[in-house]
Amino acid sequence: MRYVYDPRHLLHNPATEVQAGIPIPMFEVPERAESIRRALEADDAFTTSDPTEHGTEPITAVHDPGLLGYLESAWTEWRRQIQHAPAIFPDTVLHPTVREGMGDAPVTRSPVGAVGRWCWDTMTGIVQGTYPAARAAVDVALTTADLILGGDRLAYGVARPPGHHAPRGSFGGYCYFNNAAITAEYLARRTGGRVAMLDVDYHHGNGTQQIFYEREDVLYASLHGHPDRAFPYFVGFAEERGAGAGEGTTLNIPLPAGCDDATYVAHLGTALDAIGDFQAEVVVVSLGIDTYGQDPICDFALTTPAYHEVGALVAALDCPVVILQEGGYFVPHLGENVRQWLRGALGEPLDLTRLSPCGPTGRSG
Ligand code: SP5
Ligand code: ZN
């Protein structure tokens, strides 16, 4: 299997995030993608490819051009006016009720106001290298799609920063551009056919769902921690099934805390049946490994053999598959779990010999 990797992801390295008021070391760290790269480099079943530049047109095909413009200039504007802060975070978010009944807010000249206009959480900081890294992640994703358009049946992209939480007009959830949604739209246009998206990240891909909610030609199916307890809290309920022409093309499967391998695979069958019935030209997988039992911020109980099995079950759809990285924060096993998922898809045997035992969180800091 070919996979696409770009070292520019290293430029995106905010030191902290704020979870429920508490500043903590960032979970979405550069070492995540390095762990994946090393695991795939060490396995002859995988060969690396460099991304090619795809420009901004595929981005604005799904995102508000204002979001692209904001992210492009955010660091420069912040530094011009706010010299001391190491990363950009909002302190005031444009909650929909603030201007209820008063029309759109005027464009702000304040950099703190601007980030609150485009960002909806306190965990998705911007540093100097965020924009080039986020653009590189989109190019990684689209180059992975190009491998499929060129005839590969399976291809994987080490997309970092991740993307599935970014809706059309904002960013959050460690995500800036929605790599998977941009890729699905690109594939829909190139093939002229239907695209199925399978989101197996622990978190619901609210951004992807929002972008395609009214689309009949793009199916979005997600298994995730129930929003009653899990980020992003406000989206991802089973009752959300699409709207308008897209009625029935959204499938949410919220799952309880402690979800184990057997429970997960049983529910995956529901999503795969829907994808099979949809008769897509291509499947785009948002691959999160934060369903792992040892993940530090999630509450599922999956083990490494489950990733191998899920990869095999997705490949059994017998449809070309673009696999893009999303979350997964237990860094010591991240690369190995991704490798096993991809080996399952390839029909290679499960190989647990490279999983080393390690401490309870795997965090050094
Ligand atoms: C791509 C992706 O996986 N983004 C996830 C963003 C979630 N950010 C953390 C949400 C808050 C979780 N709080 C749980 C506390 C457990 N100790
Ligand atoms: Zn996640």
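Atoms within each ligand, like the ligands themselves, are counted from 1 in listed order.
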K.L.:
Does the side chain of T270 pick up a donor-acceptor pair with the side chain of D273 at under 3.5 Å?
P.N.:
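The criterion, which ignores hydrogens and geometry beyond distance, is not satisfied for D273 and T270.
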
K.L.:
Please check if the side chain of S170 supplies one atom and the backbone of P167 the other of a donor-acceptor pair under 3.5 Å.
P.N.:
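Looks like no, no N/O pair under 3.5 Å.
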
K.L.:
Please work out whether any backbone atom (N, CA, C, O) or any side-chain heavy atom from C-beta onward of E28 is under 4.0 Å from ligand 1, and answer side chain, backbone, both or neither.
P.N.:
neither

K.L.:
How far is atom 12 (C) of ligand 1 from the closest protein heavy atom, and which atom is that?
P.N.:
Q19 OE1, 3.8 Å

K.L.:
Among all protein heavy atoms, pick out the one at the shortest distance from atom 7 (C) of ligand 1; state its residue, atom name and that distance to 0.1 Å.
P.N.:
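The answer is F231 CD2, 3.6 Å.
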
K.L.:
Answer yes or no for R194 and F278: cation-pi contact, defined as NZ/CZ to six-membered ring centre under 6.0 Å and angle to ring axis within 45°.
P.N.:
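That pair qualifies as a cation-pi contact.
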
K.L.:
Against heavy atoms of D201, which atoms of ligand 1 measure under 4.0 Å?
P.N.:
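Per the distance check, 3 (O).
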
K.L.:
Can you find an N/O atom of E17 closer than 3.5 Å to an N/O atom of ligand 1?
P.N.:
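Min N/O separation from ligand 1 is not below 3.5 Å for E17.
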
K.L.:
For Y307 and Y292, take the angle between the two ring planes, folded into 0 to 90°, and tell me which bin it lands in: parallel under 30, tilted 30 to 60, perpendicular over 60.
P.N.:
tilted

K.L.:
Regarding T130 and H12, do their side chains bring together a donor and an acceptor under 3.5 Å, going by distance alone?
P.N.:
yes

K.L.:
Hey, does G173 come in under 3.5 Å of ligand 1, counting only N/O atoms on both sides?
P.N.:
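Among all N and O atoms of G173, at least one is under 3.5 Å from an N or O of ligand 1.
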
K.L.:
So, for F171 and H165, is the gap between ring centers shorter than 6.0 Å?
P.N.:
no

K.L.:
Give the atoms of ligand 1, by number and element, whose distance to some non-hydrogen atom of P162 is under 4.0 Å.
P.N.:
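Here the atoms of ligand 1 in question are 1 (C).
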
K.L.:
So, is H203 placed with an N/O/S atom under 2.8 Å from the Zn ion (ligand 2), counting both backbone and side chain?
P.N.:
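Under 2.8 Å: H203 contacts the Zn ion (ligand 2) through an N, O or S atom.
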
K.L.:
Give the contacting part of D290 toward ligand 1: side chain, backbone, both or neither, where contact means a heavy-atom distance below 4.0 Å.
P.N.:
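Only the side chain of D290 comes within reach of ligand 1.
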
K.L.:
So, for F231 and H204, is the gap between ring centers shorter than 6.0 Å?
P.N.:
no

K.L.:
Test your reading of the model: is there a side-chain donor-acceptor pair from Y220 to the backbone of G205, 3.5 Å cut-off?
P.N.:
yes

K.L.:
Please calculate the OD2(D290)-the Zn ion (ligand 2)-OD2(D201) angle and round it to 10 degrees.
P.N.:
90°

K.L.:
Check for me whether Y329 has a heavy atom closer than 4.0 Å to any atom of ligand 1.
P.N.:
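Right, Y329 reaches ligand 1.
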
K.L.:
Evaluate salt bridge (Lys or Arg N to Asp or Glu O under 4.0 Å) for E336 paired with R339, printing each intermediate quantity in order.
P.N.:
CA-CA 5 Å; E336 274 304 294; R339 188 175 75 98; 3.0 Å; yes

K.L.:
With only distance considered, is H164 within less than 3.5 Å of ligand 1 through an N or O on each side?
P.N.:
no

K.L.:
Considering only protein heavy atoms, which is closest to atom 17 (N) of ligand 1, and at what distance to one decimal place?
P.N.:
P296 O, 4.4 Å

